[in-house]
There are 2 protein chains.
Amino acid sequence: MLQQTASPKRWDTRRQEKRERMARLGLTGKVLPSGEVPAMLEKLIAPGDRVVLEGNNQKQADFLARMLAQTDPGKLHDLHMIMPSVSLPEHLDLFEKGIARKIDFSYSGAQSLRMSQLLEDGLLEVGAIHTYIELYSRLFVDLIPNVALVAAYKADRNGNLYTGPSTEDTPAIAEATAFKNGIVIAQVNELVENEADLPRVDIPGSWVDFVVVADKPFFIEPLFTRDPRLIKPVHILMAMMAIKGIYAKHQVQSLNHGIGFNTAAIELLLPTYGERLGLKGKICKNWTLNPHPTLIPAIETGWVETVHCFGGELGMEDYIAARPDVFFTGMDGSMRSNRAFCQMAGQYAVDMFIGSTLQVDGAANSSTVTKGRVSGFGGAPNMGHDPHGRRHATPAWLDMMEGNDPLERGKKLVVQMVETYQSGSSPTFVENLDAVEVAKESGMPLAPVMIYGDDVTHVLTEEGIAYLYRAKSLKERKDMVAAVAGITEVGMAAKPDTVKRLRQENKIAFPEDLGIARTEAKRSLLAAGSIAELVEWSGGLYNPPSRFRSW
Amino acid sequence: MLQQTASPKRWDTRRQEKRERMARLGLTGKVLPSGEVPAMLEKLIAPGDRVVLEGNNQKQADFLARMLAQTDPGKLHDLHMIMPSVSLPEHLDLFEKGIARKIDFSYSGAQSLRMSQLLEDGLLEVGAIHTYIELYSRLFVDLIPNVALVAAYKADRNGNLYTGPSTEDTPAIAEATAFKNGIVIAQVNELVENEADLPRVDIPGSWVDFVVVADKPFFIEPLFTRDPRLIKPVHILMAMMAIKGIYAKHQVQSLNHGIGFNTAAIELLLPTYGERLGLKGKICKNWTLNPHPTLIPAIETGWVETVHCFGGELGMEDYIAARPDVFFTGMDGSMRSNRAFCQMAGQYAVDMFIGSTLQVDGAANSSTVTKGRVSGFGGAPNMGHDPHGRRHATPAWLDMMEGNDPLERGKKLVVQMVETYQSGSSPTFVENLDAVEVAKESGMPLAPVMIYGDDVTHVLTEEGIAYLYRAKSLKERKDMVAAVAGITEVGMAAKPDTVKRLRQENKIAFPEDLGIARTEAKRSLLAAGSIAELVEWSGGLYNPPSRFRSW
């Protein structure tokens, strides 16, 4: 039943709109004059547009953010911002000034308090809080951008971009925008004449409409640098338990580490404690990880075969360039990171995710959201769950099977590694996550849970390890969590008989069950005790930011 | 404890190896002479290498596959092939000749029978069977390639590639190889002098080592073209149930459709039956989908806002280029597909996956593997599960919540749409999947299940819909499956009283419960009844391959 022939509808409204906006500039070529950016943005962006502003927990398109905040809210208003990370004061100025109204984002660190305030004041409307990869995905489906504001180290006059070690989110954002007739604008630290003057091309000029030289190099946060001086014996104890009771026990060969002193301690124990246990070449070979400086000793001693990175890390550039067998580097010798692919790999290709959190409830649900802070998830929920689309088997993955069903499958290891108390006196283990209350108060459709308890396979505290994948029921899962929750309210509910039985059944393990003496957990076990020693390990190639230099 | 300083180890063995291999060719520039490819491959590849050979269910690097199969097994042997799809006879010749030994792959359609035979004969060893996106992920972790053999439409002499509508897997494969000092070789249909002669750049020349002009254009399979003539009334009945009982009921706004006449029928009913139900603008707005020709009428009548594509579809190029508001197209006007991003979007950004399968067991586990065939999964398990890392809410996703737990989350809709019997007399619903037996026989660590029952939210047959997300127990899930499994062994076990109760509780629905008369399900309801009518709908822009032309 043919009801009608092809309609006379216009099918290129976005392309036409883009042409008109670009024509308004009256510019020849792709280079925007740096001094006129707010006025130019007022012509290239329209009220109500979806605008992706690049910035994650590392690099920031900060110049373009500042320029956008200087536009006239009379001309530019009600923008729907899509921002992997809300990190800079300018980001929220946009809302305070009325330039922007709605936001979809993944992470807000330093700005989480002010964001809550703007939300309460009705100046900001949250679309949703996402994981990084989930947010990029929506750029191709129901959050297609009109404009993308991105950052690169260098560009040539044809718009070819060199993003190098900090490639990060740029390919995903640029692709979704460029191929849906959106406008792609890149701030760059340096403009060169020709492609031959670029170290390499990361983003082809065919995808980029404008480049503009920023007033200063884009901001990068060295978020993944942890000073070994701040690693305490308790971290070392927990790291020893992790290595012996989880990594070695399950043969964890590929993995992701989150930020934190816990995992930094593990990295620094591999060449010492791990070596002594004879584990080199058996565990921790392939990593999806930001280039943690604390991984240097493990790399230098041959533990680490490969590392694929979400982003770069300030000061690690030369070291990485000198270790191309380990890191992903280009023809020019510098690294290429890629957050979308690294998150994809962290979801689908690794045996284990291990991370920390602020609150864990009795069923092992966790969240970093606490009252008055809308902080977001970053990448943790993406890597901290068992992807049911995975079909390849590894020893660690298979080791999570407990039953005899012929259709049973393995599981990703999702480890929560937390001290029972946060610094200060707030307990990590709580009866109810603050997230539940926060959701009610802010009218969110769901409580902002970071990692759900049914995805957690292990909880590791200074008290011991709970092997949650072995729990036969929700009740038993709760008993196991309580057994390692120390003197928190959750932990004090543990019954001695139950704890005894769980130990006998190898469902929980205390340090002594693993043959680890608490007295062994000394700082002298660390392969490096300071940033200076990391520099030494690197043969002088690691060049830490000045705030980490104490010499 | 600083144990040693930076070791004198070599850290650029891969880079050095690459340089040496490339130097062996004695070639200036990036263009390989087309007549000497096997000899060149013998110099660029070494025994035991991991080689990614591009090819999925659409485009194939078939020239390079043929050339590789012509190399001397005395020089080139024991290769570890990584192939998204095993589609061509040459792919398996590699194993028969001893050039390759191990394979990691995602899909094998036409070659699945021969593959089983080679496996049995000990000539081929399977690493694992993956989903597409899972396989790409491992390229960055534990399956890093030494060499990538890819396909593009055009290249310039600097190695810049135009992959256009068939960009597909190339970016993921090229990136993993190029940035780990692997060698990237692209076969192209046409070589041009300069970048300015390319429509646009999809892959920068900085990532590509060699290009070679193929003897004929790369092969593309028009896998997603379904002739409306072959749509039967039973497909139309099921499509009506899907639209009314699932799409409208849950407000499914973003979705993926698999291959098949069932979903083709849904696409062709939107402008007729869907229109009559007043659903336009309310459902089926944003798609992650190959450019199905059967979607043309829905696009022309304004149902479809956007489509992001895994790959291209032969004959759809001009139509797509003329509909840039709907499809993702570049500055040059042609489409860019991207399988990695589209799979990512299909996993994380859409409300629903709907697909078909060959066998379903009583608990709704399904597989396309049958005895004697190692067929693989493609993308279905990736999109056909609930990603626990998703945190944004949509009406359909929230509608899957059944309980009152404040920590409950929504779910992706995963719909299995199958007739109770396959053509011929084999039942779709079976007591035990063949996959279980196949796994035992071939020594696989796990049964090759396509979609696990606990991820399936709906089973839809010509009998009715089972709303499995509402099942309170595995027992009830099985009762619900049985209630719609017709006169198969599984279906005949259904008890009338239970079926009655399930209908009353709205856990299953028969057509009459949805207000659908079986007599309504007529071919005249289809917006197009033939390929010719699809061409007409497209205003002559759709140019079907000759095998689909009957006029």
Side-chain angles (χ1 to χ4, degrees), chain A residues 1-2 6-7 11-15 128-131 134 137-138 140-142 144 179-181 200-201 204 206 254 286 300 308 322-325 328 330-331 336 341 344-345 348-350 365 377 381-382 385 388-393 398 406-407 409 436 445-447 449 455 524 533 536 539, chain B residues 1-2 5-7 11-15 128-131 134 137-138 140-142 179-181 200-201 204 206 254 286 300 306 308 322-325 328 330-331 336 341 344-345 348-350 365 377 381-382 385 388-393 398 406-407 409 436 445-447 449 455 524 533 539:
Chain A
M1 181 172 78
L2 189 58
S7 74
W11 297 99
D12 61 350
T13 58
R14 284 178 66 99
R15 185 190 292 159
I129 314 178
H130 307 75
T131 65
E134 177 189 14
S137 294
R138 292 189 69 194
F140 294 92
V141 180
D142 61 349
I144 295 171
F179 290 94
K180 206 65 183 54
N181 288 300
R200 69 172 188 247
V201 177
S206 326
S254 54
N286 305 110
E300 293 302 309
H308 187 258
R323 298 290 178 269
D325 280 352
F328 281 71
M331 280 187 189
R336 174 160 162 122
F341 279 145
M344 200 170 88
Y348 261 128
V350 304
N365 298 294
F377 306 119
N382 174 56
H385 80 274
H388 288 192
R390 172 171 169 163
R391 293 291 179 274
H392 74 279
L398 289 172
L407 292 186
R409 54 190 187 251
V436 176
L446 290 176
V449 172
D455 276 316
S524 56
E533 288 188 6
E536 203 177 323
Chain B
M1 182 170 79
L2 188 58
T5 53
S7 73
W11 296 99
D12 61 349
T13 58
R14 284 178 65 100
R15 185 189 291 159
I129 313 179
H130 308 74
T131 65
E134 177 189 16
S137 294
R138 293 188 69 193
F140 295 92
V141 181
D142 61 349
F179 290 95
K180 206 64 183 50
N181 289 300
R200 68 173 189 248
V201 176
S206 326
S254 53
N286 305 111
E300 294 300 310
T306 63
H308 187 259
R323 299 289 179 269
D325 280 351
F328 281 70
M331 281 187 188
R336 174 162 161 121
F341 279 144
M344 202 169 88
Y348 261 127
V350 304
N365 300 294
F377 306 120
N382 174 57
H385 79 275
H388 289 191
R390 172 170 168 162
R391 293 291 179 273
H392 74 279
L398 290 171
L407 293 185
R409 55 190 188 252
V436 175
L446 291 175
V449 172
D455 277 315
S524 56
E533 287 188 8

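Chain letters run A, B, ... following the sequence lines, proteins first, then strands; residues in each count from 1. If you're wondering where the values come from, they're calculated on a predicted model, not measured in any experiment. No hydrogens, no waters, no symmetry mates; every other heavy atom, side chains included, goes into these values.
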Would you mind telling me which of [options] has the largest number of heavy-atom pairs within less than 4.5 Å of chain B?
options	result
A/R14, A/R409, A/M331	A/R409
A/A349, A/S254, A/A128, A/A322	A/A349
A/H308, A/R138, A/E134, A/R390	A/E134
A/I144, A/V436, A/N365, A/T13	A/T13

Yes or no on side chain to side chain contact (heavy atoms under 4.5 Å, CB included) for A/M344 and B/F341, after CA distance, side-chain angles and deciding distance? CA-CA 10 Å; A/M344 200 170 88; B/F341 279 144; over 6 Å; no
Quick one: does [X]'s side chain have a donor or acceptor within less than 3.5 Å of a partner on [Y]'s backbone?
X	Y	answer
B/N286	A/D142	no
B/R391	A/V449	yes
A/K180	B/D325	yes

Any residue meeting side-chain contact (heavy atoms from CB on, under 4.5 Å) with B/S206, in chain and number order, not counting sequence neighbours: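 B/S206 satisfies side-chain contact (heavy atoms from CB on, under 4.5 Å) with A/R200, A/V201, B/P204 only.
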I'd like to verify something: which residue of B/V350, B/I129, B/V141 has the highest number of heavy-atom pairs under 4.5 Å with chain A?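 Looking at each option in turn, the highest pair count goes to B/V141.
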Note: vs chain A, highest number of non-hydrogen pairs under 4.5 angstrom among B/F377, B/F179, B/F140 is B/F179
Heavy-atom closest pair (B/A393 atom, A/P445 atom, distance to 0.1 Å) is CB-CG, 3.9 Å
With only heavy atoms counted, which part of A/L446 is less than 4.5 Å from chain B, the side chain, the backbone, both or neither?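 The side chain, not the backbone.
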Which region of B/D455, side chain (C-beta onward) or backbone (N, CA, C, O), has a non-hydrogen atom less than 4.5 Å from a non-hydrogen atom of chain A, or is it both or neither? side chain
Please enumerate all residues that pass side chain to side chain donor-acceptor pair (under 3.5 Å) together with B/N382, with sequence neighbours excluded. A/Y348, B/Q343
